[in-house]
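These values consider heavy atoms only, across backbone and side chains, with no hydrogens, waters or symmetry-generated copies. Below, chain A is the first sequence line, B the second, and so on; all start at residue 1. The model shown is predicted, which means the values in this text are computed figures rather than measured ones.
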Amino acid sequence: MQFTKRTNTCGELELADSGKRVSLNGWVSQVRDLGGVIFVNLRDRYGVTQLTIPSENKQVYDIAKSLGLEYVISATGIVQKRSSANPNMKTGEVEVLAEIIEILNVSETTPFVVEEEVKASEELRWKYRYLDLRRKKIADNLVLRSKVYQIVHRYFERENFVEIETPILMKSTPEGARDYLVPSRVHKGKFYALPQSPQTYKQILMVSGMDKYVQICKCFRDEDLRADRQPEFTQIDLEMSFVEEKDVFKVVEGVICDIWKEAAGIELNTPFKIMSYDEAMQAFGSDKPDLRVKGEMKIVNITDTVKNTEFKVFNDAISQKGIVAGIKLTAQEVSRKIIDSLTDYVKTLKFGGLGYIKYNADGSSASPMLKFLNDEIQSGIKKDFDANPGDVVFILSGEKKKVLSALGNLRLKLAEMFNLIDETKYEFVWINNFPIFGFEESDNSFYAEHHAFTMPNTEDMAKLDNGYKNPKENIEDLLSIRATCYDLVCNGNEFGSGSIRIHRSDIQQKVFSVLDLTKDQQEEKFGFLLDAFKFGAPPHGGFALGFDRIIAILCGTKDIRETIAFPKTTSAVGLMDSCPSIVEEKQLKELGISINS
RNA sequence: GGAGCCGUAGUUCAGCUGGUUAGAACGCUUGACUGUCACUCAAGAGGUCGCGAGUUCGAAUCUCGUCGGUUCCGCCA
């Protein structure tokens with residue numbers, strides 16, 4: 001099919017182009033028919049340009065009259081200055097006086113109107129994603145994504161990294177997230193797994209001597225989703241030999257700085273802050289603290305202050321080794337309604353209620369729980385929080401982890417409610433010194449917090465040496481061992497995580513011993529990796545950055561679906577192509593699979 | 001796996017404590033209009049109130065179930 005190809009895009013014509021004869025190709029985004037003259041807004045991914053069609057040119061005028069929204073057309077004409085410019089449009093000073101309009105394709109009435117401030121529900125937008133992507137805002141997200149891709153590649157090329165593709169079809173491992181499985185036709189009853197991350201491959205590449213590996217790769221995890229979690233997502237995955245933690249920090253900070261500088265025009269300060277896991281949990285109730293909150297709003301532990309109280313709620317918590325802690329909201333008017341909604345919120349987290357004390361302007365204080373607290377304790381609390389008239393403190397009691405994390409969430413809720421987040425900032429922070437082990441009370445066993453190959457901190461090695469032979473008798477000690485394991489956090493989002501790995505089998509065996517893995521289990525779970533490690537594994541460590549989240553932040557959204565061309569719903573369904581779907585009986589037969597229920 | 005919110009015209013929503021023919025805006029169709037840019041104006045078409053039970057003389061409205069979307073908890077080494 002022949003048509004007049006564009007000489008320009010719809011986003012670039014300006015006054016200086018006046019008098020030029022141009023051709024534009026694009027989609028009809030708006031038609032304004034005034035009777036004697038028709039204005040058409042023509043859209044492509046670069047912008048919008050106004051076409052003007054006066055009635056004098058009968059042939060073009062009749063074509064213009066027949067145009068519907070989202071028709072694809074080619075328009076040719078002379079660029080001219082508008083008699084009244086539109087300051088809201090980038091090309092608003094000019095218009096194209098159309099001499100020829102070719103309709104390249106018609107469009108049915110779309111399920112929703114393609115406009116920047118789209119009214120359609122997300123469900124509809126995912127289903128007709130190609131229409132959604134015609135909106136500049138979403139298209140720009142993909143363009144930015146592409147740009148960051150190139151920045152990342154350039155950075156790692158310059159830093160002498162080797163980009164190596166690792167398999168998509170790999171061995172299933174029972175550790176970590178649930179695998180997406182791919183049945184084998186050749187080996188009936190056997191399955192490949194899609195990678196949750198290329199973790200084992202990149203470590204083996206270190207054994208290979210590929211001392212700087214990087215890959216922008218897809219990862220797959222069959223777990224329940226959130227606004228910032230998709231079943232398939234993209235990572236900037238890297239691994240290096242002969243490095244320690246600070247070397248990894250430096251490389252990651254380098255690529256982040258390049259991205260911010262080149263994609264957003266922002267110079268970030270390095271090195272980034274470093275905060276231990278313990279500090280983050282104690283002060284912010286989260287391992288991904290948002291440091292943009294004005295006045296910080298740190299959590300205050302008042303367990304000591306209230307330890308002698310008769311107040312049953314606090315008493316019960318403390319006697320069960322729990323804590324009493326709170327946060328202070330500085331100088332804000334807090335209504336009954338807000339307290340009710342916060343109370344409802346903590347109830348969903350299985351707290352009985354939310355304690356609060358309002359410090360009034362006249363020096364008095366108001367709270368349903370004051371009557372249970374004597375004067376000494378009341379003034380102790382006031383002192384702990386450094387509370388002044390106008391402030392409100394919120395208090396929770398119970399199991400330590402639960403209290404801290406709930407207060408961490410309250411902190412974010414309050415910050416949002418009272419506009420305490422500085423949206424112009426990017427607050428990066430490394431969180432390190434995570435615990436290496438966790439302990440599951442229900443089955444009386446240790447598990448690896450990060451993964452089984454995370455190197456313990458050098459200072460804590462003695463605790464491992466002492467404890468590994470009789471783990472159950474050294475629970476406290478073993479749980480206090482810190483790992484050389486770190487997360488990068490930006491504005492309360494986990495951007496990625498990594499660790500220095502264990503490369504020596506003596507240390508590895510001690511860790512396995514704590515995790516209660518027999519030789520057979522080790523062999524079954526990680527055999528090939530352990531085999532590789534027998535032949536001279538260098539010290540190594542790495543990191544994986546969540547690419548989608550980085551793009552989301554740069555796009556000013558928390559929803560990574562806005563940065564992915566074809567995202568899935570929270571139930572992992574692709575609404576556009578209706579996947580997953582049933583397959584033909586014949587396919588199942590070839591795979592030796594039968595479906596129950 | 002658990003909890004909350006949502007589901008009414010093509011779209012976004014309104015529809016009070018159950019009660020004649022379920023409304024508005026945008027979009028769509030037709031017509032008028034020569035400088036609009038959310039053009040304006042006039043007329044019109046358009047509904048399985050997500051689906052299924054139940055309560056009731058009567059259900060968009062109340063109850064239960066179910067499906068879908070979304071948020072949170074669990075989960076995500």
What are the residues of residues 65-73 of chain A, sorted by number, that bring a heavy atom to within less than 4.0 Å of RNA chain B?
-> Leu69(A)
Nucleic acid contacts of residues 127-134 of chain A, taken as heavy-atom distances under 4.0 Å to RNA chain B =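 Contacting residues: none.
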Using salt bridge (Lys or Arg N to Asp or Glu O under 4.0 Å) as the criterion, list what pairs up with Lys58(A), not counting sequence neighbours.
->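 For Lys58(A), the residues satisfying salt bridge (Lys or Arg N to Asp or Glu O under 4.0 Å) (neighbours in sequence not counted) are Asp62(A).
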Is the Phe533(A) to His540(A) ring centre distance short of 6.0 Å?
->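 Yes: the rings meet the under 6.0 Å criterion.
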Pair Gln30(A), Arg32(A): side-chain N/O donor-acceptor within cut-off below 3.5 Å |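 Yes, a side-chain donor-acceptor pair sits under 3.5 Å.
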Answer yes if the side chains of Tyr345(A) and Asn409(A) hold a donor-acceptor pair under 3.5 Å, and no otherwise.
->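 Yes, because at least one side-chain N or O of Tyr345(A) sits under 3.5 Å from a partner of the opposite role on Asn409(A).
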Nearest-nucleotide comparison on RNA chain B, the residue closer to the 5′ end among Lys568(A) and Ala177(A) = Lys568(A)
Taking for each residue the nucleotide of RNA chain B with the nearest heavy atom, is it Gln199(A) or Asp559(A) whose nucleotide lies nearer the 5' end?
-> Asp559(A)
Quick one: which protein N/O atoms are closer than 3.5 Å to N/O atoms of nucleotides 65-69 of chain B? Pair and distance per line, please.
| residue | atom | partner | partner atom | Å |
| --- | --- | --- | --- | --- |
| rG68(B) | O2' | Glu123(A) | OE2 | 2.9 |
| rG69(B) | OP1 | Thr569(A) | OG1 | 2.9 |
| rG69(B) | OP1 | Ser571(A) | OG | 3.0 |
| rG69(B) | OP2 | Ser571(A) | OG | 2.9 |

Indicate the ring-plane relationship of Trp430(A) and Phe249(A), choosing parallel, tilted or perpendicular according to the 30° and 60° boundaries.
->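 Plane angle under 30°, so parallel.
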Geometric class of the Phe439(A)/Phe446(A) ring pair [parallel <30°, tilted 30-60°, perpendicular >60°] | perpendicular
How long is the span from the [atom1] atom in [X] to the [atom2] atom in [Y], to the nearest 0.5 Å?
X: Ile550(A); Y: Thr563(A); atom1: CD1; atom2: OG1; result: 10.5 Å
X: Leu575(A); Y: Glu122(A); atom1: CG; atom2: CD; result: 10.5 Å
X: Asp290(A); Y: Leu420(A); atom1: CG; atom2: CG; result: 11.0 Å

Quick one: side-chain contact (heavy atoms from CB on, under 4.5 Å) partners of Ser55(A), sequence neighbours excluded?
->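 Per chain and number, Ser55(A) pairs via side-chain contact (heavy atoms from CB on, under 4.5 Å) with Tyr61(A).
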How would you list, by chain and number, every residue that makes a side-chain contact (heavy atoms from CB on, under 4.5 Å) with Asp460(A), sequence neighbours excluded?
->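 By the side-chain contact (heavy atoms from CB on, under 4.5 Å) rule, Asp460(A) matches Asn457(A), Lys463(A), Ile481(A), Arg482(A).
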Scan [X] against the nucleic acid and name what it touches under 4.0 Å (heavy atoms): base, sugar-phosphate only, or nothing.
X: Ala452(A); answer: nothing
X: Glu449(A); answer: sugar-phosphate
X: Gln230(A); answer: nothing

Here the distance between atom C1' of rC73(B) and atom CG of Asn409(A), to the nearest Å, is 10 Å
Between Asp228(A) (CG) and rU70(B) (C1'), how many Å, whole number?
->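 It works out to 14 Å between those atoms.
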Arg134(A): partners by side chain to side chain donor-acceptor pair (under 3.5 Å), with sequence neighbours left out | Glu70(A)
Side chain to side chain donor-acceptor pair (under 3.5 Å) involving Asp548(A) - partner list, sequence neighbours excluded =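 Asp548(A) satisfies side chain to side chain donor-acceptor pair (under 3.5 Å) with Arg145(A) only.
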Whole-Å [atom1] distance, [N] and [M]:
N: rG23(B); M: rA60(B); atom1: P; answer: 14 Å
N: rG19(B); M: rU66(B); atom1: C1'; answer: 29 Å
N: rG18(B); M: rA53(B); atom1: P; answer: 23 Å

Could I get the full list of ring pair (Phe, Tyr, Trp, His ring centres under 6.0 Å) partners for Phe453(A), not counting sequence neighbours?
-> His451(A), Phe526(A)
Got a sec, which residues hit ring pair (Phe, Tyr, Trp, His ring centres under 6.0 Å) with Phe284(A), two or more places apart in sequence or on another chain?
-> none
If a protein heavy atom is under 4.0 Å from the base, mark B; if only from the sugar-phosphate, S; if neither, -; do that for nucleotides 35-42 of chain B going 5' to 3'.
-> BBBSB---
Reading nucleotides 1-11 of chain B from the 5' end, what letters show protein touch, with B for base, S for backbone sugar-phosphate only, - for no heavy atom under 4.0 Å?
-> B--------SS
Below 4.0 angstrom, N of the basic side chain to O of the carboxylate: do Lys568(A) and Glu232(A) qualify?
->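 Answer for the salt bridge query: yes.
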With distance as the sole criterion, do the side chain of Arg221(A) and the base of rC75(B) form a donor-acceptor contact below 3.5 Å?
->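 It does not, because no donor-acceptor pair links the side chain of Arg221(A) to the base of rC75(B) below 3.5 Å.
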